[in-house]
> 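Have a look at the structure that comes next, please.
We're numbering straight along the sequence, starting at 1.
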Amino acid sequence: MISRRLFVGLTGIGLVIPSSLARAQIRSNPFTLGVASGSPREDSVILWTRLAPDPLQGGGMPAGDVEVRYRVWEDAEMRRLVREDSVLAPEADAHSVHLKLNGLKPGREYWYRFSVGDYESNVGRTRTISRDAKSTKLALASCQNWQSGFFAAYADMAAWAPDCVIHLGDYIYEGGVSTLGTRQVSKPGELQTFQTVRQHNSAEITTLWDYRNRHALYKSDPSLQAAHAASPWIVSMDDHEVDNNWAANVPQDPWAQTQLEFKVRKLAAFKAWYEHMPVERPPTLSGIETSLQMYGTYRFGPAQVNLLDTRQHRSDQVCGSGFPGQETCVDRDDPSRTLLGKEQEEWLTNALKQSDAKFNVLASQIWMAPYRFSAVDAPARVNMDAWDGYPAARSRLFETISNGVANPVVLSGDWHCAAAMTIHADPNNVRSKPIGHEFAGTSISSDCGWMHEMDQLRDVNPHVRHLNARQRGYCRFDVSNRHWTTTYRIVDDPYNPNSVCRTDKELRTHEM
């Protein structure tokens, strides 16, 4: 019963609304959520849109699947048409379109547009990948709490138009409605001020209806729409797309929701996530168990990007929930504990060993390098939700990248804090062999309520080369066969939707 309600809905009668009849059925613009592209390959890309004339009330579409026209051009002036056809927007998928456009040329730009009746979407730009490209430019984003600030960083990113955006999760936040206005938090020697600038559209989300409307709320942001229209994205969720700090089938608060209730909630969250992302594969369902294929390899010329999934397959967090750091315990060192799961670990090992790329990228939702939240002479306190909470899994991975993997580079998010760090073979010993670099992006808009602790304890983390926990933004990467350059872009005023963005720090790996 649950799977039918969530995955099939009421479309069993097979009703299809042709594009020629859609004008009478759809009374206002259905392209309120913009367009997007993603999962780029050498000869294909996924084109996405969702028909939603009333996006915050389930979409507002009539019953039945809808025929959507699309056109694809080779030039920005839209003079050289290369494809024109139609695709279905199924009611069962909230009238979203996931068109796999095959037969494209590698390393090429394309422009596309959807239409239904007389309604047309805005124009999107996408790009295929190429292993033979001499250089590439990539962007990194994560953590965009709607309530905590505006998305001015995305407007800056759209203007830059990277070859691809890597989004590492917390695309939406599941929490309820915060009170508008300013709040203050007292820390030793510092009074911190935060603002709630706009509000969520419901209490904490748990149902498919809730998750759909929350995704639609976030997708309504014009700067986010611009960034999606400017470049293809590769995406993987972190925790807030479902429930804070969830692990496999364990919620953050198992005392408040049973495992069955959480599985149903996760099923709804996965379904809505697929409906709003430019990804190829929907979630798979076996009984009440659901899963999403999120990890994968993408080759951008000199950079091989291995997108990881650090949520679905992990062992549950241990030792307690102290924040931002928790004192360690014996259970943390259990060698059977995993973060990626056996299958993903084997896939990643093979991908790294077989790569001939100049730079081998691990796009991880959470920080891989350590960060100590206690003085040197005190018991170690670390973030148990990050790789610090899974030292055996991290050691296995570091052993792999220490043996013949060229120029490992880790990209990470989650922690609302920009940081550039050296990765050492022994992560807790800066005198051990350096084996790679990590560039953690700050958040697009989410607060960093632990910025005081990050600053106060930086000196006991000497592997950190750059740290900025106090400003929002994103990362740019310029990569060639000769160099990797990271540029940290920051927003001057996160509470202004039209804020100026500027460069905070530029780093080259060979100089670190």
Side-chain angles (χ1 to χ4, degrees), residues 140-148 166-176 178 200 204-207 210-211 214-215 218 235-257 259 261-274 276-277 279 283 290-295 307-326 337-341 344 363-368 371 382-390 393 411-417 440-450:
L140 177 70
S142 66
C143 304
Q144 51 200 51
N145 192 322
W146 177 268
Q147 301 188 128
S148 299
I166 303 167
H167 197 286
L168 292 179
D170 292 346
Y171 190 97
I172 64 167
Y173 279 67
E174 82 285 16
S178 296
H200 278 155
E204 182 169 346
I205 53 177
T206 58
T207 69
D210 294 339
Y211 281 104
R214 185 62 56 85
H215 273 281
Y218 278 60
V235 292
S236 183
M237 69 171 65
D238 192 22
D239 54 340
H240 288 290
E241 288 89 346
V242 181
D243 184 28
N244 183 47
N245 285 1
W246 66 279
N249 282 323
V250 182
Q252 179 192 28
D253 50 359
W255 58 88
Q257 50 187 319
Q259 189 175 77
E261 288 173 324
F262 180 67
K263 287 181 178 181
V264 174
R265 180 182 184 177
K266 189 170 75 168
L267 175 61
F270 280 20
K271 181 71 167 71
W273 184 86
Y274 164 74
H276 292 84
M277 294 296 150
V279 294
T290 185
S291 63
L292 269 166
Q293 177 59 50
M294 289 188 285
Y295 64 83
L307 181 68
L308 306 185
D309 173 1
T310 60
R311 276 296 153 194
Q312 284 192 87
H313 312 289
R314 66 160 65 193
S315 305
D316 193 18
Q317 297 90 337
V318 294
C319 300
S321 55
F323 192 84
Q326 168 67 42
R337 298 182 68 246
T338 182
L339 192 57
L340 303 179
Q344 188 179 183
S364 166
Q365 288 70 47
I366 51 179
W367 279 27
M368 192 173 290
Y371 203 89
V382 299
N383 175 13
M384 292 295 168
D385 189 57
W387 282 88
D388 262 339
Y390 300 80
L411 311 181
S412 57
D414 177 66
W415 208 227
H416 310 177
C417 176
T442 187
S443 59
I444 292 290
S445 62
S446 304
D447 294 330
C448 186
W450 48 100

> Distance-only, no hydrogens or angles: does the Gln344 side chain make a donor-acceptor pair with backbone N or O of Leu340 under 3.5 Å?
yes
> Answer yes when Asp309 and Arg314 have at least one side-chain N-carboxylate O distance shorter than 4.0 Å, and no when they do not.
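No, no charged N to carboxylate O under 4.0 Å.
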> If we only count heavy atoms from C-beta on, is the Leu140 to Leu168 side-chain gap below 4.5 Å?
yes
> Report yes if some heavy atom in the side chain of Trp246 is under 4.5 Å from a heavy atom in the side chain of Arg311; otherwise report no.
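Touching, per the 4.5 Å side-chain cut-off.
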> Please answer whether the main-chain N or O of Gly175 pairs with a side-chain N or O of Arg214 as donor and acceptor at a distance below 3.5 Å.
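Yes; at least one donor-acceptor contact below 3.5 Å.
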> For the residue pair Ser446 and Tyr173, confirm or rule out a side-chain donor-acceptor distance under 3.5 Å.
yes
> What's the separation between atom CD1 in Ile166 and atom OG in Ser412, rounded to the nearest 0.5 Å?
11.5 Å
> Taking C-beta and beyond as the side chain, do Glu241 and Tyr211 meet within less than 4.5 Å on heavy atoms?
no
> Could you pull out the closest heavy-atom pair between Cys448 and Cys417, with the gap in Å?
SG-CB, 4.5 Å
> State the CG-OG1 distance between Leu267 and Thr207, to the nearest 0.5 angstrom.
11.5 Å
> Any idea which heavy atoms bring Asn249 and Phe262 closest together, and the distance?
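Scanning both residues, the minimum pair turns out to be O-CD2, 3.5 Å.
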> Atom OG1 of Thr206 and atom CD of Gln257: how far apart are they, to the nearest 0.5 Å?
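So the OG1 of Thr206 and the CD of Gln257 are separated by 8.5 Å.
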> Counting only N and O atoms by type, is there a donor-acceptor contact under 3.5 Å from the side chain of Tyr390 to the main-chain atoms of Ser315?
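Checking the backbone N and O of Ser315 against the side chain of Tyr390, a donor-acceptor pair under 3.5 Å is found.
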> Check the pair Tyr171, His276 against side chain to side chain contact (heavy atoms under 4.5 Å, CB included), reporting the backbone distance first and the verdict last.
CA-CA 10 Å; Tyr171 190 97; His276 292 84; 6.0 Å; no
> Within this structure, what is the NE2-CD1 distance for the pair His167 and Ile444, rounded to the nearest 0.5 Å?
6.5 Å
> So do the side chains of Met294 and Thr310 get within less than 4.5 Å of each other, counting heavy atoms only?
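When only atoms from C-beta onward are counted, Thr310 and Met294 do not touch, as no gap falls below 4.5 Å.
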> For the residue pair Trp273 and Tyr218, is the inter-centroid distance of their aromatic rings smaller than 6.0 Å?
no
> Just by distance, with hydrogens left out, do Gln252 and Asn245 show a side-chain donor and acceptor under 3.5 Å apart?
no
> Within the structure provided, determine whether Lys266 and Thr290 are in side-chain contact (heavy-atom separation under 4.5 Å).
yes
> Taking atom SG of Cys319 and atom CE of Met384, what is their separation to the nearest 0.5 Å?
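That separation rounds to 4.0 Å.
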> State, with a plain yes or no, whether a side-chain heavy atom of His240 is found less than 4.5 Å away from one of Ile172.
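SC-SC contact between His240 and Ile172 ruled out.
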> Checking Asn383 side chain against Asp388 main chain: does a donor-acceptor pair fall under 3.5 Å?
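Side chain of Asn383 to backbone of Asp388: no pair is present.
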> Could you give the distance from CG (Asn244) to CG (Asp385), rounded to the nearest 0.5 Å?
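Reported value, rounded in 0.5 Å steps: 7.5 Å.
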> Heavy atoms, side chains only, cut-off 4.5 Å: are Val235 and Val279 in contact?
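They are in contact (side-chain heavy atoms under 4.5 Å apart), so the answer is yes.
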> Using atom types as modelled and distance alone, determine if a side-chain donor or acceptor of Gln293 lies under 3.5 Å from a backbone N or O of Tyr295.
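A pair under 3.5 Å: yes.
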> Between Ala393 and Thr338, what is the shortest heavy-atom contact and its length?
CB-CA, 4.5 Å
> Do side-chain atoms of Glu174 reach the backbone of Val242 as a donor and acceptor pair under 3.5 angstrom?
no
> Checking the side chain of Gln312 only, and the main-chain atoms of Leu292 only, is there a donor and an acceptor separated by less than 3.5 Å?
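Pair found, side chain donor or acceptor close to backbone of Leu292.
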> Where do Pro254 and Pro251 come nearest, in terms of heavy atoms and distance?
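Minimum heavy-atom contact is CD-O, 3.5 Å.
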> For Trp450 and Trp415, indicate whether the former's side chain and the latter's backbone hold a donor-acceptor pair under 3.5 Å.
yes
> Is any side-chain heavy atom of Asp414 closer than 4.5 Å to a side-chain heavy atom of Asp170?
yes
> Tell me if a side-chain donor or acceptor on His416 pairs with a main-chain N or O of Asp447 at a distance below 3.5 Å.
yes
> Between Ser236 and Gln365, is any side-chain donor less than 3.5 angstrom from a side-chain acceptor?
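The criterion, which ignores hydrogens and geometry beyond distance, is satisfied for Gln365 and Ser236.
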> Looking at Ser178, is its backbone amide N or carbonyl O close enough to the side chain of Gln147 to form a donor-acceptor pair, meaning the two atoms are under 3.5 Å apart?
yes
